[in-house]
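When a residue number appears, it is its place in the shown sequence, counting from 1. For the numbers below, each heavy atom of this structure counts, side chains included, while hydrogens, waters and symmetry mates do not.
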Amino acid sequence: MGVLENKSRARLFYKYLSKVYDRINPYIWNEEMRDEALELLGIQPDDRVLDVGCGTGFATEGLLRYSDDVHGLDQSIHQMQKAFEKFDEDEVTFYRGDAERLPFKDDAFDVLWSSGSIEYWPNPVDALEEFRRVVKPGHRVLVVGPDYPESGLFQRVADAIMLFYDENEAQRMFEEAGFVDIEHHIQQAYPGSPKAITTIARVPDADEDDEADASEDTEVEVPVETDA
């Protein structure tokens with residue numbers, strides 16, 4: 001587990017990063033990449049949208065182009081204070097909270113977006129299960145995280161800092177959390193810059209859940225050989 005896959009250390013890290021975050025972020029995750037991901041998600045005007053790990057509100061600004069019902073959650077008050085300065089009180093509803101224990105009822109949102117947050121979660125599957133819980137059946141979530149480096153040296157550095165993962169690991173995590181129709185997109189600000197892995201997945205409908213449960217409960221009888 002990387003040094004920043006710890007909630008208290010991540011909060012301390014962002015206490016200082018928040019001062020320069022909006023100047024550094026475009027080198028890793030810029031407006032073009034964000035807008036491309038937003039197009040993939042297909043948000044509708046009447047969708048209730050949750051931005052988990054909203055930080056300074058970079059993704060939130062993009063989400064507001066598609067819906068007027070946007071909610072942002074983050075564990076770092078220092079990051080959120082930057083977001084408070086960008087929006088009017090009636091534009092976005094903000095919450096301070098934990099991705100692994102979302103303070104919302106089941107099926108509370110039509111769309112969930114999370115960018116630049118998963119790499120700090122100690123238990124990513126737990127958070128993804130929470131995403132599935134608060135998003136309505138049949139609706140989608142989008143998660144952006146850091147793609148695993150190809151170089152062995154950078155892999156060792158990455159593993160020591162935070163969660164980096166490839167498409168296979170993303171597929172495993174989302175399947176384990178119960179999502180379906182999972183797709184992955186690799187995005188990059190410019191050649192040589194760090195790559196992002198953007199995953200879109202759907203919460204199964206109730207009948208799909210029932211079919212999955214029935215499949216798991218089905219026992220297969222294995223013939224037992226006996227001596228004649």
Side-chain angles (χ1 to χ4, degrees), residues 1-35 37-38 41 43 48-104 108-109 111-124 126-128 130-131 134-135 141-147 158 161-165 187 189 193-194 196-199:
M1 180 177 289
V3 65
L4 291 179
E5 287 178 82
N6 173 283
K7 293 170 186 176
S8 61
R9 286 197 290 266
R11 284 194 296 269
L12 180 62
F13 173 70
Y14 269 109
K15 176 180 179 180
Y16 298 101
L17 184 63
S18 62
K19 302 177 187 300
V20 296
Y21 182 85
D22 285 337
R23 294 198 296 272
I24 294 174
N25 192 49
Y27 295 99
I28 302 171
W29 176 248
N30 60 25
E31 288 188 14
E32 183 178 350
M33 297 166 72
R34 178 198 64 189
D35 295 347
L38 284 166
L41 192 51
I43 301 170
R48 188 171 192 240
V49 183
L50 176 62
D51 181 3
V52 175
C54 62
T56 64
F58 176 71
T60 314
E61 290 176 299
L63 293 166
L64 283 168
R65 298 180 195 164
Y66 293 82
S67 171
D68 293 328
D69 193 0
V70 176
H71 303 252
L73 176 141
D74 203 283
Q75 70 161 341
S76 169
I77 189 60
H78 300 93
Q79 289 281 84
M80 293 176 70
Q81 284 171 344
K82 297 291 184 181
F84 298 158
E85 297 170 3
K86 295 180 180 179
F87 307 102
D88 295 332
E89 290 185 6
D90 60 348
E91 279 189 292
V92 183
T93 304
F94 287 104
Y95 312 81
R96 189 177 183 191
D98 188 336
E100 295 176 8
R101 295 188 298 273
L102 294 176
F104 307 110
F109 295 94
V111 177
L112 189 149
W113 166 289
S114 181
S115 55
S117 182
I118 187 174
E119 55 263 42
Y120 303 105
W121 304 342
N123 304 292
D126 290 350
L128 293 175
E130 277 289 270
F131 288 10
V134 303
V135 173
V141 308
L142 180 147
V143 176
V144 182
D147 189 40
I161 299 173
M162 59 181 69
L163 174 67
F164 285 72
Y165 56 96
Q187 297 182 269
S193 67
I197 178 167
T198 299
T199 300

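Asp51 places none of its side-chain heavy atoms less than 4.5 Å from the side chain of His71. Looking at heavy atoms from C-beta onward, Val135 lies out of side-chain contact with Val111 at the 4.5 angstrom threshold. Between Val143 and Leu128 there is a side-chain heavy-atom pair separated by less than 4.5 Å. Between Glu61 and Arg34, some side-chain heavy-atom pair lies under the 4.5 Å cut-off. A 4.5 Å side-chain heavy-atom check between Arg65 and Asp35 finds at least one atom pair inside the cut-off. The side-chain heavy atoms of Leu142 and Thr199, taken from C-beta on, include no pair separated by under 4.5 Å.
How far CZ of Phe58 is from OG1 of Thr56: 8.5 Å, rounded to the nearest 0.5 Å. Annotation: the span from Leu73 atom CG to Thr93 atom OG1 amounts to 12.0 Å, rounded to 0.5 Å. Expressed to the nearest 0.5 Å, how far OG of Ser114 lies from CG of Leu50 amounts to 8.5 Å. Between atom OG of residue Ser115 and atom CE of residue Met33 there is a gap of 10.0 Å, rounded to the nearest 0.5 Å. If you take SG on Cys54 and CD on Gln79, they are separated by 8.5 Å, rounding to the nearest 0.5 Å. Atoms CE and CG, from Met80 and Asp74 in turn, are 6.0 Å apart once rounded to the nearest 0.5 Å.
Residue Ala59 comes nearest to Trp113 through the heavy atom pair CB-NE1, 3.1 Å, listed as atom of the first residue, atom of the second, then distance. The heavy-atom pair separating Ser67 from Asp69 by the smallest distance is OG-N, 3.0 Å. Heavy-atom minimum distance, Phe109 versus Val49: CD2-C, 3.9 Å. Here the shortest heavy-atom pairing between Val144 and Ala196 reads CG1-CB, 3.9 Å. Taking both residues in full, the closest heavy atoms of Asn123 and Glu100 are given as N-OE2, 2.9 Å, listed atom of the first, atom of the second, then distance. Shown here for Ala108 and Arg48, the closest heavy-atom pair between the two residues is O-NH1, 2.9 Å.
Crowding of Gln81 atom CD: a count of heavy atoms from other residues, nucleotides or ligands under 6.0 Å exceeding 12. The environment of Asp68 atom CG is sparse: at most 12 non-hydrogen atoms of other residues, nucleotides or ligands sit within 6.0 angstrom.
With hydrogens and angles disregarded, no donor-acceptor distance shorter than 3.5 Å links the side chain of Asp88 to the backbone of Asp90.
The pair Asp126-Arg101 does not count as a salt bridge, with every side-chain nitrogen at least 4.0 angstrom from each carboxylate oxygen.
Thr198 and Gln187 share a side-chain donor-acceptor pair at under 3.5 Å.
Ring centroids of Tyr165 and Trp121 are separated by 6.0 Å or more, keeping the two rings apart.
In this pair, Phe87 and Phe94 present their aromatic rings tilted. The plane angle is within the 30 to 60° band.
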